[in-house]
2 protein chains.
Amino acid sequence: MKYSNATNYALHTMVQLIRLPRDASIGVQELAKAQQLSPTYLSKILTKLTKAGLIESTPGAKGGYRLARGERDISFFDVIQTIEGESHLFDCTLHRHEGCLIEKVMRDAEANMKKELQEQLLVDIAEQAGQHQGGDGK
Amino acid sequence: MKYSNATNYALHTMVQLIRLPRDASIGVQELAKAQQLSPTYLSKILTKLTKAGLIESTPGAKGGYRLARGERDISFFDVIQTIEGESHLFDCTLHRHEGCLIEKVMRDAEANMKKELQEQLLVDIAEQAGQHQGGDGK
DNA sequence: TAATTACAGACAACAAGAGTCTTTAATATC
DNA sequence: GATATTAAAGACTCTTGTTGTCTGTAATTA
């Protein structure tokens, strides 16, 4: 049980975008370089984030990606759910077992974690040092 | 990102064992029937639980499984960690990125969920109705 | 028109989970 | 001691999802 690599990449990319100057765009090429990913692969992740309304994209030369909302309106959970989907952490496997108490406990724990990650904003960590973007003095 | 089926089966099986009369044992055959699983498959799960010290086993005729500790000493987390292992929910994928702040936030959320599941005892739900064991009036 | 960029989809490679089958070892009963 | 019962161990297959690549298309700028 582990979050996918895609979620990992998505979170780091969102931090990159948050750090971007207002109204500036950045292309996949550059975004991918920071994490040493292939642009085509990261592109699929970015498309998901775009469809979810977290970022905006413009095609063509001088195009690229930028935030679609205010920085303080983007939580960890927003990004995670976009990539991971909305499925539950735990689904009771017993046939015909409505109201499984085990499931209930697990769902409660899940809900609390979800809530916690909803309150955690990506800006708050983007503002701090320590989040290098791969290219050091380039 | 989802807990494995094995964890699901393990939790349900533990509830079965907790409900067992003191000093009674039960074999895989019967345990598996309740969840409609193949005994050989459930057997592998039970072996993990045994090695982890959650349950005890005796081979041979009249053998089987029983709890290895007091009921109030078995938490959801004990069972989950036994099956899922100890790996983290999130590992930063960036090369040479010690002290990743994204990772820190995710690990904190994980730790809180872990703590919550450590406080949840399986007895508490085993005592309640609603957790049928498959065989109805058999 | 040419270059740059996002987007879409097919495809392959790999890893992990789920589950079966077979064999061996230990215990109880007769 | 022989037999039945049970746990344990390991090899093996099947399926599924993730990860990633490659190719082609559409849109925008210059």
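Chain A is the first sequence line, chain B the second, and so forth, proteins listed ahead of strands; every chain is numbered from 1.
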(request) Find the distance A:Leu37:CG to D:dG20:P and express it as a whole number of Å. (result) 7 Å

(request) Please report, rounded to the nearest Å, how far the P atom of D:dG20 is from the CG atom of A:Asn8. (result) 11 Å

(request) May I ask you to test the B:Asp23-B:Arg66 pair for a side-chain heavy-atom distance under 4.5 Å? (result) no

(request) For A:Ile26 and C:dA6, give me the distance from atom CD1 to atom C1', rounded to whole Å. (result) 14 Å

Nucleotide N/O to protein N/O under 3.5 Å, stretch nucleotides 8-15 of chain D:
unit_1, atom_1, unit_2, atom_2, d
D:dA8, OP1, B:Ser57, OG, 2.7
D:dA8, OP2, B:Thr47, OG1, 3.4
D:dA8, OP2, B:Tyr65, OH, 2.7
D:dA9, OP2, B:Lys51, NZ, 3.4

(request) Indicate whether the side chain of A:Ser43 and that of A:Thr40 have a donor and an acceptor atom separated by less than 3.5 Å. (result) no

(request) Would you mind reading off the distance between A:Lys2 atom NZ and D:dT18 atom C1', rounded to a whole angstrom? (result) 14 Å

(message) For the backbone of B:Leu46 and the side chain of B:Thr50, can you confirm whether one donor and one acceptor N or O come within less than 3.5 Å of each other?
(response) yes

(message) Quick check on D:dT19: is either OP1 or OP2 less than 4.0 Å from any side-chain nitrogen or oxygen of A:Asn5?
(response) yes

(message) Are the side chains of B:Phe76 and A:Met106 in contact, using a 4.5 Å heavy-atom criterion?
(response) yes

Pairs under 3.5 Å (N/O, protein and nucleotides 27-30 of chain D):
unit_1, atom_1, unit_2, atom_2, d
D:dT28, O2, A:Ala61, N, 3.1

(request) May I ask you to check whether A:Glu119 and A:Ser75 show a side-chain donor-acceptor distance below 3.5 Å? (result) no

(request) Report the C-alpha separation of A:Tyr65 and A:Val28 in whole Å, then their side-chain angles, then the decisive distance to 0.1 Å, and conclude whether the side chain to side chain contact (heavy atoms under 4.5 Å, CB included) test is met. (result) CA-CA 8 Å; A:Tyr65 297 93; A:Val28 204; 3.6 Å; yes

(message) Just the rounded figure in Å: distance from P of D:dA7 to OH of B:Tyr41.
(response) 17 Å

(message) Within the 3.5 Å criterion, strictly below it, is a donor on A:Gln35 or A:Thr13 matched to an acceptor on the partner's side chain?
(response) yes

(request) Using a 4.5 Å cut-off on heavy atoms from C-beta on, say whether the side chain of A:Ile102 contacts that of A:Arg107. (result) no

(request) Would you mind classifying the nucleic acid contact of A:Tyr9 as base, sugar-phosphate or nothing, using non-hydrogen atoms under 4.0 angstrom? (result) sugar-phosphate

(message) Suppose the criterion is salt bridge (Lys or Arg N to Asp or Glu O under 4.0 Å): which pairs have a residue in residues 2-18 of chain B, not counting sequence neighbours?
(response) A:Asp91-B:Lys2

(message) Rounded to whole Å, how long is the line connecting atom CD of A:Glu56 with atom P of C:dA6?
(response) 14 Å

(request) Could you tell me the separation between the CD atom of B:Glu30 and the P atom of D:dT5, rounded to a whole number of Å? (result) 15 Å

(message) Please report the distance, rounded to the nearest Å, between NZ in B:Lys48 and P in C:dA18.
(response) 9 Å

